[in-house]
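Because only heavy atoms are used, hydrogens play no part in the values below, and waters and symmetry mates are left out as well, while side chains stay in. Lettering of chains follows the sequences in order, A, B, ..., and the numbering in each one begins at 1. Keep in mind the model is a prediction, meaning the values are calculated, not measured.
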Amino acid sequence: AQSVSQHNHHVILSEAASLELGCNYSYGGTVNLFWYVQYPGQHLQLLLKYFSGDPLVKGIKGFEAEFIKSKFSFNLRKPSVQWSDTAEYFCASPMNRDDKIIFGKGTRLHILP
Amino acid sequence: DAGVTQSPTHLIKTRGQHVTLRCSPISGHKSVSWYQQVLGQGPQFIFQYYEKEERGRGNFPDRFSARQFPNYSSELNVNALLLGDSALYLCASSLVPARNTEAFFGQGTRLTVV
């Protein structure tokens, strides 16, 4: 069955540290992947998306992700995190036939000021 | 422009009761999807509606039902509430139900069943 998994459930970093959150997918065919962010008390927002083309995807707020087909991965990165990046991050993918979205379990990121 | 709006924001119900959650999509969006987010988990797909027709249903019991109105707003109904139905219920809207279309999420309705 199509699935998306996230390795880290809770990450704590200091400001200015570099961030990498892991995401793996397990399906073949056309691969489309998203990263969503949910700030405390706010709605889910799309950070970035990969549909095709350049495997290095730039998103909002300085985030980027790299699609590596050979590793079935789509890790989220940011070179220097800020306190305001404290949030929950979800890797996700639309199902093969339409836009119903499958989400990973999420990674709760806490940035220490 | 207003985003996806959901009402109510919070709700407390007793086991066995019925609940109706409401969603207004972004103006011009014709596709509405519902997701359940249990604490500590990612959102799980419940239903998708497009042009007032159900296009998909997740792995949820028949106690869950939904509908979409001519103005594209939607309701999610849950009957015979169980404690395990306590969750954040999210509504998402998109222009059309296509894989390369971005879905926009509302802030959700926090349902607590006691």
(request) For residues A/Gly22 and A/His7, report the shortest heavy-atom separation together with the two atoms involved. (result) CA-CD2, 3.2 Å

(request) For chain B, find its close neighbours in residues 103-113 of chain A: heavy-atom separation under 4.5 Å, sorted by number, or none. (result) A/Phe103, A/Gly104, A/Lys105

(message) Using the rule given for salt bridge (Lys or Arg N to Asp or Glu O under 4.0 Å), can you reason through A/Glu64 versus A/Lys78, listing the C-alpha separation, both sets of side-chain angles and the distance that settles it, and then say yes or no?
(response) CA-CA 6 Å; A/Glu64 65 178 30; A/Lys78 186 170 185 178; over 6 Å; no

(request) Measure the acute angle between the ring planes of A/Phe51 and A/Phe34, then classify it against the limits of 30° and 60° as parallel, tilted or perpendicular. (result) perpendicular

(message) We want to know whether B/Ser73 and B/Asn71 form a side-chain donor-acceptor pair, criterion being a heavy-atom distance below 3.5 angstrom.
(response) yes

(request) For chain B, find its close neighbours in residues 36-46 of chain A: heavy-atom separation under 4.5 Å, sorted by number, or none. (result) A/Tyr36, A/Gln38, A/Gly41, A/Gln42, A/His43, A/Leu44, A/Leu46

(message) Using the rule given for side chain to side chain contact (heavy atoms under 4.5 Å, CB included), can you reason through B/His29 versus B/Val4, listing the C-alpha separation, both sets of side-chain angles and the distance that settles it, and then say yes or no?
(response) CA-CA 10 Å; B/His29 286 195; B/Val4 178; 5.7 Å; no

(request) Could you check which of B/Pro43, B/Gly58, B/Gly42, B/Ala92 has the highest count of heavy-atom pairs closer than 4.5 Å to chain A? (result) B/Pro43

(message) Any side-chain to backbone donor/acceptor pair from B/Ser86 onto B/Val113? Under 3.5 Å, distance only.
(response) yes

(request) Would you please test A/Tyr50 and A/Tyr25 for ring pair (Phe, Tyr, Trp, His ring centres under 6.0 Å) and show each step? (result) CA-CA 13 Å; A/Tyr50 171 77; A/Tyr25 65 94; 9.1 Å; no

(request) Anything in residues 5-19 of chain B with a heavy-atom distance to chain A below 4.5 Å? Please list those residues in order. (result) none

(message) Quick check on B/Leu39: does its CG atom have over 12 non-hydrogen neighbours (other residues, nucleotides or ligands) under 6.0 Å away?
(response) no

(message) Restricting to non-hydrogen atoms, name the atom on B/Gln41 and the atom on A/Phe90 that form the minimum distance, rounded to 0.1 Å.
(response) O-CE2, 4.0 Å

(message) Between B/Asn77 and B/Thr20, is the side-chain hydrogen bond (donor to acceptor under 3.5 Å, both in side chains) condition met? List the steps.
(response) CA-CA 5 Å; B/Asn77 295 283; B/Thr20 298; 2.6 Å; yes

(message) I'd like to know whether CD of B/Gln44 has more than 12 heavy-atom contacts from other residues, nucleotides or ligands below 6.0 angstrom.
(response) no

(request) Sequence neighbours left out, what passes side chain to side chain contact (heavy atoms under 4.5 Å, CB included) with B/Lys30? Give chain and number order. (result) B/Tyr50, B/Glu51, B/Tyr72

(request) Over all heavy atoms of both residues, which pair between A/Val4 and A/Ser93 is shortest? Give the atoms and the distance, please. (result) CG2-CB, 3.8 Å

